[in-house]
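I have placed the structure first, in the form of structure tokens, so that the comments after it can refer back to it.
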Amino acid sequence: MLKIIFKKLIFIPIASFFVSSLAFIVVNLTPGDPVEVIAGGIATEETKQAIRVELGLDKSVTERYINYLTELLDGNLGSSFYNKIPVLDSINKYLFDTFELIIMSLFIAVVLGFFIGGLGAYFRGKLPDKLTNIILSVIQSVPDFFLGLLLIYFLFYKFELVPAPIGRIGLSDIPPEEISGGLLIDSMLAGNWETFKIGLKHALLPSVTLGIFYSSYFGRTARNVLGKSLNSKQVEFAKSLGLSKFRMFIYALVDARTPILTYVAILFAGLFGACAIIETVFAWNGIGQWAITKILMLDIPAIQGFILFAGLITLFTYTFLDILITYLDPRIRKKTL
Amino acid sequence: MKKYINKINKNNLPVIVSTLILINFSFGAFLYNFTHDPYTTDIIQRLTPPGEGFIFGTDEVGFDIFSRTIVAGKIDLFISLSGTFAALIIGLPLGLMASDKTKNAERIMKVLDMFQAFPLLVLAIVIVTMWGNNIRNVIFAIILINVPRFTRLIRSEALTVRESRFIEVAIAMGASKTRIISKHLLPNILGTLLAQASITTAHSIVVVAALSFIGIGVVPPEASWGSMIRAGSQYMMTGQWWMSVFPGLAIFFSVLSFNTISQYILRKYEQI
């Protein structure tokens with residue numbers, strides 16, 4: 001087992017190098033001139049030149065690349081072109097807000113997905129199976145931001161069940177002292193349950209939106225895997241031993257843990273970028289929304305920093321997932337040894 | 001006509017409906033005789049709720065939502081379809097190459113794996129903003145997102161088919177590589193490929209909508225579903241639902257249609 005872990009971990013430095021290079025390439029090797037866009041159409045040549053020097057764009061690409069890598073080794077991602085705030089500080093500031101949203105959304109998605117998929121698998125081929133299949137198709141076809149807007153209309157405007165989608169807390173509420181940067185975690189650490197409750201209410205709409213949207217992934221996987229293992233030999237054996245239907249269902253669930261874990265990990269890593277639009281809709285002020293604002297402003301160091309950060313998160317999550325799955329699944333463990 | 005109607009049954013009805021929905025959005029500009037022009041605003045009739053005069057209502061600047069929802073389909077579907085098609089064309093040779101058991105094949109897969117580590121939606125946004133905000137770059141972003149997916153799929157499908165007996169026999173009989181690929185390999189992966197292309201198009205519609213929802217890609221006065229939803233998004237809080245809901249439903253039905261067609265293709269090919 002240790003050997004496997006070592007094998008996977010040794011891959012990380014090489015992959016990190018590739019990811020950081022790609023982040024550089026995406027932002028720097030563009031066919032157009034970003035300075036044109038930043039400066040606007042009426043800027044003089046002098047202004048443009050000043051911007052170029054400021055951004056280091058007057059140097060050659062190789063020079064910039066070496067510069068970027070050496071800075072990176074010092075843990076320096078550069079600072080924003082507009083307000084000079086270090087990119088790393090910004091990422092730190094917004095990271096946990098998004099983290100909280102992702103955890104809540106994934107929790108809802110897994111529970112809801114398992115409920116829908118489990119229902120379908122339990123009543124295979126019968127009416128509930130067909131109904132849940134239709135429900136999953138519908139969920140799969142709604143864009144997440146549109147679903148969010150629908151929920152705003154019904155839950156906020158029509159039935160007034162949730163507070164206005166204007167951020168993490170109301171305008172008059174006082175945020176807790178920043179420790180991690182995540183509102184819910186911070187208010188919990190400070191023991192400020194009043195703020196925690198307000199934060200939870202504001203978190204309801206975005207996390208339910210993402211939760212419903214991604215539940216279709218878990219629903220389909222749960223339906224397939226559970227359906228398959230309920231038809232398998234070992235479950236048939238359990239049936240012949242006279243075990244209850246519910247017990248067999250629990251056995252089938254154990255079978256489903258690897259694909260479900262894989263999905264959780266993939267979505268967890270992917271959501272740091274994918275929830276950007278939902279964050280914008282609900283003014284969540286997380287890392288995704290920050291990235292989108294920066295991209296639209298063409299804040300090159302910030303864009304580069306975010307892409308690198310997202311790539312690294314994915315890299316580490318996948319490596320961790322690989323190790324976890326080899327640990328859980330003896331078949332894979334045998335193969336890699 | 002009667003002959004065709006008799007052919008409709010429980011199995012192909014969803015597909016027929018889906019196709020009709022897609023035709024409706026692709027050629028809507030010719031099919032309808034709009035009472036209101038989709039590109040002229042009526043300042044006096046701002047924020048009219050759906051009803052007489054404007055069936056889907058008007059938006060904050062007085063655009064007619066109905067005609068715009070219909071004509072937006074043309075551009076949105078064109079981008080998604082052409083992006084998907086191009087990605088398929090690029091992914092096919094890459095995937096076939098990667099299904100060889102050589103060092104180069106492994107390299108292709110490694111590079112694609114790296115690529116998957118990036119948040120693809122954000123990457124698409126970066127490409128469109130930095131490379132220039134036009135439709136060509138939106139299509140390019142769609143291609144970039146989907147080439148790795150097609151390559152991966154084609155590779156795994158080709159690997160399975162390559163193991164089978166009839167390929168072995170064809171090789172033993174001295175068939176050329178081109179003949180094996182065109183006569184034996186491609187027909188066997190065509191079903192999965194078409195089904196995937198349909199799903200990818202559905203997914204691309206959402207990406208295009210997401211881009212114009214944050215204000216890049218197809219921008220007003222050109223009509224697109226994403227930008228229409230964006231225009232109405234603030235009004236969802238105050239109850240003027242029609243601005244976002246109708247284009248949203250258009251996306252929903254288009255995506256659902258492509259998904260349905262994909263499922264139908266898969267089932268059809270599995271039967272053979």
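Here is how names work: the chains are called A, B, and so on, in the same order as the sequence lines, proteins then strands, and each is numbered from 1.
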ask   = Going by the side chain to side chain donor-acceptor pair (under 3.5 Å) test, which pairs reach into residues 239-251 of chain B, not counting sequence neighbours?
value = B:T238-B:Q240
key: Which portion of A:L298 sits near chain B, non-hydrogen atoms under 4.5 angstrom   = side chain
ask   = Got a sec: does the CD of B:Q234 have more than 12 other heavy atoms crowding it under 6.0 Å?
value = no
ask   = Should we say atom CZ of A:F18 is surrounded by more than 12 heavy atoms from elsewhere, each under 6.0 Å from it?
value = no
ask   = Heavy atoms under 4.5 Å from chain B: which residues of residues 142-154 of chain A carry them?
value = A:V142, A:P143, A:F145, A:F146, A:L149, A:L150, A:I152, A:Y153
query = Between A:I307, A:L308, A:I266, A:L312, which residue shows the highest count of heavy-atom pairs closer than 4.5 Å to chain B?
reply = A:I307
Distance-minimising heavy-atom pair for A:V27 and B:M130 = O-CE, 3.5 Å
inquiry  = So for A:F306, is it side chain, backbone, both, or neither that comes closer than 4.5 Å to the heavy atoms of chain B?
reply    = side chain
ask   = Could you name the residues of residues 70-79 of chain B that have a heavy atom within less than 4.5 Å of a heavy atom in chain A?
value = none
message = If I measure from the heavy atoms of chain A, does B:F252 come under 4.5 Å with its side chain, its backbone, both, or neither?
response = both
key: Step-by-step side-chain contact (heavy atoms from CB on, under 4.5 Å) determination, B:F213 to A:V281   = CA-CA 10 Å; B:F213 181 73; A:V281 170; 3.5 Å; yes
request  = Measure distances from B:Q263 to the heavy atoms of chain A and classify the residue's part below 4.5 Å as side chain, backbone, both or neither.
outcome  = side chain
task = For residues B:M237 and A:F156, determine if any side-chain heavy atom of one lies less than 4.5 Å from a side-chain heavy atom of the other.
result = yes
key: Nearest atoms (heavy-atom pairs only) where A:S141 meets B:V255   = CA-CG1, 3.6 Å
query = About how many Å separate CD1 of B:I125 and CD1 of A:I303, when rounded to the nearest 0.5 Å?
reply = 10.5 Å
query = Top residue by heavy-atom pair count (under 4.5 Å) with chain A, among B:I216, B:I214, B:N259, B:L121?
reply = B:I214
key: Heavy-atom proximity to chain A below 4.5 Å, by part of B:V245   = both
key: Side chain / backbone / both / neither for A:I295 at chain B, heavy atoms under 4.5 Å   = both
query = Considering only heavy atoms, which portion of A:F309 lies under 4.5 Å from any heavy atom of chain B: side chain, backbone, both, or neither?
reply = neither
ask   = Has A:F320 got more than 12 heavy atoms of other residues, nucleotides or ligands less than 6.0 Å from its CZ?
value = no
task = Pull out the residues in residues 191-211 of chain B that come under 4.5 Å of chain A, heavy atom to heavy atom, sorted by number.
result = B:V206, B:A209, B:A210
inquiry  = Would you say that A:S137 contacts B:L256 through its side chain, given a criterion of any heavy-atom pair below 4.5 Å between the two side chains?
reply    = yes
